[in-house]
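Note that ligands are numbered from 1 as they come in the structure, with each ligand's atoms numbered from 1 the same way. Numbering of residues begins at 1 and proceeds along the displayed sequence.
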Amino acid sequence: MTDRRNFLKASLLGASASALAWAGKLAAKQASTSQAFSGARVVSTWDFGVAANKAAWTVLSQGGHALDAVETGVQVPESDLKNHSVGKAGYPDRDGHVTLDASIMDADGNCGAVAALEHIEHPICVARLVMDRTPHVLLVGEGALQFALAQGFKKQELLTPESDKAWHEWLKTARYQPSINSEVHDYGHGGSPGMPGGAGNHDTIGMLAIDAQGRLAGACTTSGMAWKMRGRVGDSPIIGAGLYVDGEVGAATSTGVGEEVIRNAGSFLVVELMRQGRSPQEACKEAVMRIIRRRPTQTKELQVGFLAMNKHGDVGAWAIQHGFSYAVCDAKKQDGLIPSSSVYSTSFS
Ligand code: SD4
C-alpha cells in the first residue's frame, strides 16, 4: 500500500511544475468573473483522461461539435484493455457479468443514457443513439442491449482473461468494501485491499467539452463499482447525478462512489451552484461539502470527485479524498493533468 501511495504521490508530483504553473493560470483565469469564452477546451477525470482528451481534441481542433468530441474521447478508455473500470475489460459484478453505464448530454438538455448494458464495447455510442433516435432518455439491461443490436452494434465478450482472473481472486474472500479505495487511478502499480489486480475499483471517465462555437457537452462512462451486486446502477448514467449540462451555465460530471452522488443529485447541484455565481471550483467544493455534511461518518473514507466547466470554458474540481486528478486539453496544451483539491489532504490507509 505504501509503495502504491508513493507511486501515486510521485505521479502527481510528476504531473510536473509546468502542469502546476499552467493549472495556476487556469485558476487565475477562473477567478476572473467576467471571463469571455476563449476557445475550445476539453477536460476529463483521472489520468486516463489525457489520452481521451487527445482523441476529443481531434474533433474540437477541426471545429467539430462538443457532443461529437466527448463521444469520440471517452471511447478511448472504453476500448483500453488495461483499464478495468471503463468499458471492455472492466471488472465484473460479483456474479461475473460486466455491466456498463454511460450517459451523454448537450447544452440544450438533449441527453441519452444506458445502464447495466452487457456485451457492447462502447456504451457511450449506444447512449448517443438513445438520445438521437428514441423519444427516451435511459434504456437499461436487456432492453438497452436489444436496442444496441438493432442499431448494428456487435455483441462481444467484455470479460477479459485478466478481469476474469481478478474476479476469481476476489471470490476467494468475496469482500466488498467500496469505501476503502480512494486512490488515483493506476494501471496495475500496487494494489488495494480487496482489489486483486492492482486497480482501483471506481474510476469513471467523465468528460466535458466546449467547442469553438462555445457549445458545451458532456459524457460519462463506466463499468461501475467492481464486484457490485447484480443490477446495481451507479450515478454515471443518471442525468443530474453523474452528468449534467446546461448551456446557460456550464457542465459537471462526477467520479467515485455513485450512491453518494445520486443521493445529492451531484452534477445538477454543481451546475446550479455555478448558476448562483460560484466558480466551477467553488461549486465542486460546495457539492462535496454537501455530501460530507449529510453523512459525515459514512463519507469519511470514501471518494467522490466533481469536475466542472462553465460556459466560458473555465474549469474546476474538488474531491473528498486526496488523489483525484483531471486532464485538461486546449489549444495551448493537450496533455495537462492537474491534481484536484480535496477535503482530506492525505490518503488514509
Ligand atoms: C459508480 N461513479 O458506478 C461510478 C464509479 C466511478 O470513479 O466513478 N468511479 O458509482
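A salt bridge links Arg232 with Glu259: the closest approach of a Lys/Arg side-chain nitrogen to an acidic carboxylate oxygen falls below 4.0 angstrom. Under the 4.0 Å criterion applied to side-chain N and carboxylate O atoms, Arg290 and Glu286 are assigned as salt-bridge partners.
At under 3.5 Å, not a single nitrogen or oxygen of Gly224, backbone or side chain, sits near a nitrogen or oxygen of ligand 1. Residue Val257 places no N or O, backbone or side chain, under 3.5 Å from any N or O of ligand 1. Remark: ligand 1 and Asp101 share no N or O pair separated by less than 3.5 Å (distance only, no angle test). Considering backbone and side-chain N/O atoms, Glu259 never comes within less than 3.5 Å of an N/O atom of ligand 1.
Per-residue contacts place Asp203 under 4.0 angstrom from the following atoms of ligand 1 (heavy atoms of the residue considered): 6 (C), 7 (O), 9 (N). Those atoms of ligand 1 that come under 4.0 Å of a heavy atom in Ser236, given as number and element, are 2 (N), 4 (C). Heavy-atom contacts of Gly234 reach the following atoms of ligand 1: 3 (O) (cutoff under 4.0 Å). Every atom of ligand 1 is numbered from 1 in the order shown, and the set under 4.0 Å from a heavy atom of Arg232 is 1 (C), 3 (O), 10 (O). Heavy-atom contacts of Asp235 reach the following atoms of ligand 1: 1 (C), 2 (N), 4 (C), 10 (O) (cutoff under 4.0 Å). Near Gly256, meaning under 4.0 Å from any of its heavy atoms, are these atoms of ligand 1: 1 (C), 2 (N), 4 (C), 5 (C), 6 (C), 7 (O), 8 (O), 9 (N), 10 (O).
With sequence neighbours excluded, the residues that form a side chain to side chain donor-acceptor pair (under 3.5 Å) with Glu260 are Arg263, Arg295.
Contact check for Phe306 versus Val261: side-chain heavy atoms found under the 4.5 Å cut-off.
In the hydrophobic clustering of this structure, Leu243 does not group with Leu139; members are Ile, Leu, Val, Met, Phe, Trp, Tyr whose side-chain heavy atoms approach within less than 4.5 Å, directly or through other members.
Under the 30°/60° scheme for interplanar angles, the aromatic rings of Trp227 and Trp170 are found to lie parallel.
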Side-chain donor-acceptor contacts of residues 148-158 below 3.5 Å, not counting sequence neighbours, with atom names and distances?
from	atom 1	to	atom 2	distance (Å)
Gln151	OE1	Arg133	NH1	2.6
Gln156	OE1	Lys88	NZ	2.7
Gln156	NE2	Glu121	OE1	3.0
Glu157	OE2	Leu159	N	3.0

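Nearest to atom 9 (N) of ligand 1 by heavy-atom distance, out of Thr204, Thr221, Ile262, is Thr204.
Heavy-atom separations between Gln303 and ligand 1 are all 4.0 Å or longer.
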#### Entry: From CA spacing to verdict: salt bridge (charged side-chain N to carboxylate O under 4.0 Å, His left out), Asp68, Arg215
CA-CA 11 Å; Asp68 297 325; Arg215 295 172 299 207; over 6 Å; no

